> 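Take a look at this one; I'll ask things after.
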Amino acid sequence: MASVTLGELATLLNAELRGDADIAINSVATLESAQSGQISFLANSKYRSQLDSTRASAVLLTAADAEQYQGMALVLRDPYVGFARVAQLLDTTPKAAEGIHPSAHIDPSAILGEGVAIGANAVIGPRVILGEKVQIGPGCVIGQDCILGSGTKLWANVTLYHDVHLGTDCLIHSGAVLGSDGFGYANERGHWVKIPQTGGVRIGNKVEIGAGTTVDRGALAHTEIHDGVILDNQVQIAHNDIIGAHSAIAGCTVIAGSVNLGKHCIVGGNSAIAGHLTIAEGTMISGGTNVTSAITKPGVYSSATVAMENKVWRRNTVRFRQLDELFQRVKALESTKKTED
């Protein structure tokens, strides 16, 4: 969409309009960089001082902040969510592919819905089903028996192994690999015996998977990612994990096998969750946290230590190793005191 009026945006966002409904808005910008024809937002109080100098045609504001602003505004409860919806409306991101490129290889048994687009050198395997308006970027490989729901978009060089199902309106970024083998082996007197990973991957609707992220197939049952989940870049989801609806997992996080992560969980970047654990719905895990036991009560969980000078860290590490000895000494002292009393 080239532009939209402020009045149309007010209707879209169910916001209170303060200003000229006919003002044309063509893009979004920060308070500091915005120019005429752009709309900005204030979602963080530390940027409130920029309201006085912004050149934006209008600003998305809460009712409290709107009282401090004399320019045109859309007043709503959550300006950041409003910004996201306006940005979607004015999005200029190109399509992953348009039409079907002559270099694409499409197996004769594949079924393509209306409006499917497939980029150069993509490979569509046997019995693949692509829903309406699916976009497959250049260099993608879609293995046999995969199903992609309508409106799903794969950027360049995404690989789907066999038996991977994606719901509608999913977005998969470049380099993601879905359905690779889980890390399943038995040890026979020092030699590894591979366990075939015969499960699949089942991904719900409106799921976004970041660049370089891997989702392993299940060993027997499926690995599952439910509706509305967002995975950042370079996340590892191991075999037989279940990621609950509308959870968010930030970059470089590793989740070992057979983890059941509840709905609406948030996992900070560079975290690690050990295998065969259940994480309660609504749990928040801080970045860099190592989770080694089940979490049954929702809350905010953290681990690791903050950065410090190396010499201080080395000294504290030695003290950490002495904690058990210190505990035993305190316990002995308490026992002696009780005896004396």
Side-chain angles (χ1 to χ4, degrees), residues 30-33 41-50 78 80 83-84 173-177 183 208-216 225 229-239 241 243-244 246-337:
T30 65
L31 286 170
E32 185 177 32
S33 65
F41 66 100
L42 177 62
N44 189 323
S45 60
K46 72 179 183 179
Y47 297 111
R48 189 173 289 122
S49 61
Q50 296 179 5
D78 191 333
Y80 195 60
F83 154 73
H173 290 276
S174 291
V177 178
F183 198 57
E208 182 164 351
I209 296 178
T213 285
T214 53
V215 179
D216 292 345
I225 299 178
V229 168
I230 52 176
L231 304 181
D232 197 0
N233 300 336
Q234 299 178 339
V235 171
Q236 158 70 6
I237 305 296
H239 60 184
D241 285 344
I243 310 299
H246 307 291
S247 289
I249 302 174
C252 298
T253 290
V254 177
I255 300 183
S258 300
V259 168
N260 191 331
L261 186 77
K263 299 177 183 178
H264 301 285
C265 289
I266 298 176
V267 182
N270 199 33
S271 294
I273 301 178
H276 303 275
L277 300 180
T278 297
I279 309 299
E281 177 179 336
T283 295
M284 297 181 66
I285 297 172
S286 301
T289 296
N290 292 323
V291 180
T292 58
S293 58
I295 296 175
T296 58
K297 180 181 178 182
V300 180
Y301 293 82
S302 306
S303 70
T305 59
V306 297
M308 62 189 76
E309 291 184 16
N310 181 261
K311 62 181 181 181
V312 176
W313 175 80
R314 291 169 65 89
R315 187 164 60 244
N316 288 340
T317 298
V318 172
R319 290 170 178 165
F320 182 79
R321 290 172 178 168
Q322 296 169 340
L323 282 177
D324 186 64
E325 179 187 352
L326 179 61
F327 170 77
Q328 297 300 334
R329 290 171 62 185
V330 171
K331 185 177 180 181
L333 287 171
E334 289 179 341
S335 178
T336 300
K337 187 176 185 301

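What you see is a predicted model, and the numbers here were worked out from it, not measured in a lab.
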> Looking at residues at least two apart in the chain, or sitting in another chain, which of them share a ring pair (Phe, Tyr, Trp, His ring centres under 6.0 Å) with Tyr301?
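Testing Tyr301 for ring pair (Phe, Tyr, Trp, His ring centres under 6.0 Å), a comparison that skips the adjacent residues, returns none.
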> How far does CD of Gln234 sit from CG of Asn270, to the nearest 0.5 angstrom?
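It comes to 11.0 Å.
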> By ring pair (Phe, Tyr, Trp, His ring centres under 6.0 Å), which residues pair with His276, not counting sequence neighbours?
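Partners of His276 by the ring pair (Phe, Tyr, Trp, His ring centres under 6.0 Å) criterion come out as none, since no residue qualifies.
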> With sequence neighbours left out, write down each residue that passes side chain to side chain donor-acceptor pair (under 3.5 Å) with Asp216, or none if nothing qualifies.
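Ser180, Gln236.
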> Run the side chain to side chain donor-acceptor pair (under 3.5 Å) test against Thr292 and tell me which residues pass, sequence neighbours left out.
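Testing Thr292 for side chain to side chain donor-acceptor pair (under 3.5 Å), a comparison that skips the adjacent residues, returns none.
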> Go through the structure and list residues passing side chain to side chain contact (heavy atoms under 4.5 Å, CB included) with Ala211, not counting sequence neighbours.
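His173, Asn233.
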> Applying side chain to side chain contact (heavy atoms under 4.5 Å, CB included), can you list everything that pairs with Tyr80, at least two apart in sequence or on another chain?
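Counting only residues at least two positions away or on another chain, Tyr80 forms a side chain to side chain contact (heavy atoms under 4.5 Å, CB included) with Phe41, Ala43, Asp78, Phe83.
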> For Arg321, check side chain to side chain contact (heavy atoms under 4.5 Å, CB included) against everything at least two apart and list the hits.
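Counting only residues at least two positions away or on another chain, Arg321 forms a side chain to side chain contact (heavy atoms under 4.5 Å, CB included) with Thr317.
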> Let me check something: any side-chain donor-acceptor pairs from residues 248-266 under 3.5 Å, sequence neighbours excluded? List them with distances.
unit_1: Thr253; atom_1: OG1; unit_2: Ala250; atom_2: O; d: 3.0
unit_1: Thr253; atom_1: OG1; unit_2: Gly268; atom_2: O; d: 3.0
unit_1: Thr253; atom_1: OG1; unit_2: Ser271; atom_2: N; d: 3.4

> According to side chain to side chain contact (heavy atoms under 4.5 Å, CB included), who are the partners of Glu334, at least two apart in sequence or on a separate chain?
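Only Val330 meet the side chain to side chain contact (heavy atoms under 4.5 Å, CB included) criterion with Glu334.
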> Just grab all the side chain to side chain donor-acceptor pair (under 3.5 Å) pairs involving residues 277-287, residues at least two apart or on different chains.
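Qualifying pairs: Ser286-Ser302.
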> Sequence neighbours excluded, which residues qualify as ring pair (Phe, Tyr, Trp, His ring centres under 6.0 Å) partners of Tyr47?
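Tyr47: no ring pair (Phe, Tyr, Trp, His ring centres under 6.0 Å) contacts found.
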> I'd like to know if the side chain of Asp241 reaches the main chain of Ala238, judged simply by a donor and an acceptor atom lying under 3.5 Å from each other, with no hydrogens or angles considered.
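Yes.
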> Quick one: salt bridge (Lys or Arg N to Asp or Glu O under 4.0 Å) partners of Arg48, sequence neighbours excluded?
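Testing Arg48 for salt bridge (Lys or Arg N to Asp or Glu O under 4.0 Å), a comparison that skips the adjacent residues, returns Asp65.
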> Any side-chain to backbone donor/acceptor pair from Thr336 onto Ala332? Under 3.5 Å, distance only.
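Checked: pair present.
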